[in-house]
There are 2 protein chains.
Amino acid sequence: MLNLGQVDRASDRAVYRQVADMLREKIQRGELEPGDRLPSESELAEHFNLTRMTIRHAIQDLKNEGLVISEHGRGVFVRAAPPVRRLAADRFARRHRQAGKAAFLAEAEQSGHMADVDRIEVGYMPATADVAHRLKVSEGARVVRRSRRYLANGRPVEQATSYVPADVAAGTAIEQLNTGPGGIYARMEEAGHTLSHFVEEVSARMPSPEERRSLDMSPGVPVITLVRTAYDTAERPLEVCDTVKVAHAYVLEYRVPAQ
Amino acid sequence: MLNLGQVDRASDRAVYRQVADMLREKIQRGELEPGDRLPSESELAEHFNLTRMTIRHAIQDLKNEGLVISEHGRGVFVRAAPPVRRLAADRFARRHRQAGKAAFLAEAEQSGHMADVDRIEVGYMPATADVAHRLKVSEGARVVRRSRRYLANGRPVEQATSYVPADVAAGTAIEQLNTGPGGIYARMEEAGHTLSHFVEEVSARMPSPEERRSLDMSPGVPVITLVRTAYDTAERPLEVCDTVKVAHAYVLEYRVPAQ
DNA sequence: AAGTGGTCTAGACCACGAG
DNA sequence: TCGTGGTCTAGACCACTTC
């Protein structure tokens, strides 16, 4: 078993915090490596002369920090970091589309991960207030809704939903499940729309229970939300894409001119 | 008191989850507004015929989702959202520096918040491996370290630490507590460096206990980490700035060319 | 079957905040 | 002083995983 010290009952610091501190230190020093199992709650309770509830309180804190995950019937494990997907500043460069690669695949290739897409759903619906505002169409206007889930090395890392005005999508593969080489942006350019730039709005928050389930996330891990709007050269919005990403799976990179 | 239902003891769903569900719904429906106090743990325990520990478990979940905060001796309150600071894509435009505004103040002006900076520390130190790599200097090279905390409407929202190579900072106000109008970027340009662009790397995670303390954050709220590197026209890094932001206080906006 | 974490009880004492 | 949340005990039974 681990070489753990003892708690100081006279200390001001709550004992469950002291236990969490000791375990956190073992993890951060690397004495407990990703994938390693922590001593069981009963073992820890016995070692520290505390009840299981107090030990659980300590472990709950570590779960909330994202350091460990618990698996019912198996144990508590140091969290193994998923592959970090670095989203490069040039990921929407035209040369990638022309080479027949959709953005997600272009990224995966750069970082050497295995990429998958599943749970693709496509259909028409009336625009909600928020989507309508971003697409500069009237509320309730017909839009194509495309949602899908991305996986890296078999693990879900992102849930994305795109909205495209009906007249942009009509008669193109954007209405189909499979949008063909280069993805929907390639189809838009084929249809005569020239993409000019994207605006991305990035934030972070805790996931809703549904998002946690959909992305197979352990509790206490945040998500990055990214809303991307694609504009043509006339500043017309061609697409809004709402994404929820498992936070620790991503580093987003942007290049900002000083001008 | 609130019009709360009862739990279903026969349900598969744990009763503490059912309690959390009911409270969450009240909050999301707006029946409990930001700043409102929830019924006390004892009141909830009595209402639901559960022990306080079970009620606390439900409330813990809501805290982890960032929906409520607890205050010792006062109660549990629906979290009041801090002002959201939208970081615009052009926040480092030269015209802002020339107008004598540092980036943080430029943003604050745009969004109509009161901005403050405190806990400013300046000093020389040897570059760590990570900083040295980003600044393209050798590990241990002398750099100026500038750290400070930003507040919006009096609430801490960001902790930032900048590193500047010694030869860039030497003899300028970058070595001083007060860097003067336009901030360190203005001083760099005065000293003959021409800023070309910035690269920002964005991610999100749960804060460490120290970060939580420093930013006065309630438990269960994530942070956005942003590392910005400033380059001159010769692609030389002039500054690395490591920031930790309270996640729900920020929306970062970027403009990405389609090439 | 044995060991693990998940849930829940029924108490206790403490520290903090407001009146 | 009183009500609030914070901590902790000493159990119990359950669900899940592994063997």
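Within every chain, numbering begins at 1; the chains are lettered A, B, ... in the order of the sequence lines, protein sequences first and strands thereafter.
B:Arg134 CZ to B:Thr128 OG1: the interatomic distance, rounded to the nearest 0.5 Å, is 9.5 Å. Put simply, CG on B:Leu32 and NZ on B:Lys26 are 8.0 Å apart, with the number rounded to the nearest 0.5 Å. Here the CD-CZ distance, from A:Gln176 to A:Arg146, works out to 8.5 Å after rounding to the nearest 0.5 Å.
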Practice item. With side chain to side chain contact (heavy atoms under 4.5 Å, CB included) as the test, would you mind laying out the steps for A:Val68 and A:Arg79 before giving the verdict? Key: CA-CA 5 Å; A:Val68 302; A:Arg79 205 186 65 199; 5.9 Å; no
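Using a 4.0 Å heavy-atom cutoff across all strands shown, B:Ile59 reaches no nucleic acid atom at all. Within 4.0 Å (heavy atoms only), B:Thr51 reaches at least one base atom of the nucleic acid.
In this structure, A:Ala249 and A:Val157 approach most closely via the heavy-atom pair CB-CG1, 4.0 Å. Heavy atoms only, all atoms of each residue included: B:Val202 and A:Val202 are closest at CG1-CG1, 4.1 Å. When all heavy atoms of A:Ser70 and A:Val76 are compared, the closest pair comes out as CB-CG2, 3.9 Å. Nearest approach of A:Pro222 to B:Met206, heavy atoms of both residues: CD-SD, 3.8 Å.
Near DNA chain D, meaning a heavy atom under 4.0 Å away, there are no residues from residues 7-14 of chain B. Contacts between residues 18-26 of chain A and DNA chain C, defined by a heavy-atom separation under 4.0 Å, are absent.
Each side chain to side chain donor-acceptor pair (under 3.5 Å) pair with one or both residues in residues 10-23 of chain B, not counting sequence neighbours, appears once here: B:Arg13-B:Asp21, B:Asp21-B:Arg24. Under the ring pair (Phe, Tyr, Trp, His ring centres under 6.0 Å) criterion, no residue pair touches residues 26-45 of chain A, with sequence neighbours excluded.
B:His47 contributes a side-chain N or O that, together with a main-chain N or O of B:Gly5, makes up a donor-acceptor pair within less than 3.5 Å.
Protein chain A touches strand DNA chain D; the 5'-most and 3'-most nucleotides with an atom under 4.0 angstrom of its non-hydrogen atoms are D:dT7 to D:dT18.
A side-chain donor-acceptor contact under 3.5 Å links A:Ser162 and A:Arg148.
A residue-by-residue look at A:Arg52 and A:Tyr16 shows that A:Tyr16 has its nearest nucleotide of DNA chain D further toward the 5' end.
At least one side-chain nitrogen or oxygen of A:Ser40 sits closer than 4.0 Å to the OP1 or OP2 atom of C:dT4.
By the neighbour-count criterion of 12 heavy atoms within 6.0 Å, atom CD of B:Glu46 is sparsely surrounded, having that number or fewer from other residues, nucleotides or ligands.
In this entry the distance linking CZ of A:Arg37 with P of C:dG3 reads 12 Å, nearest Å.
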**Study point:** Contact pattern, 5' to 3', of nucleotides 14-19 of chain C - B, S or - by protein heavy atom under 4.0 Å
**Key:** -BBSS-
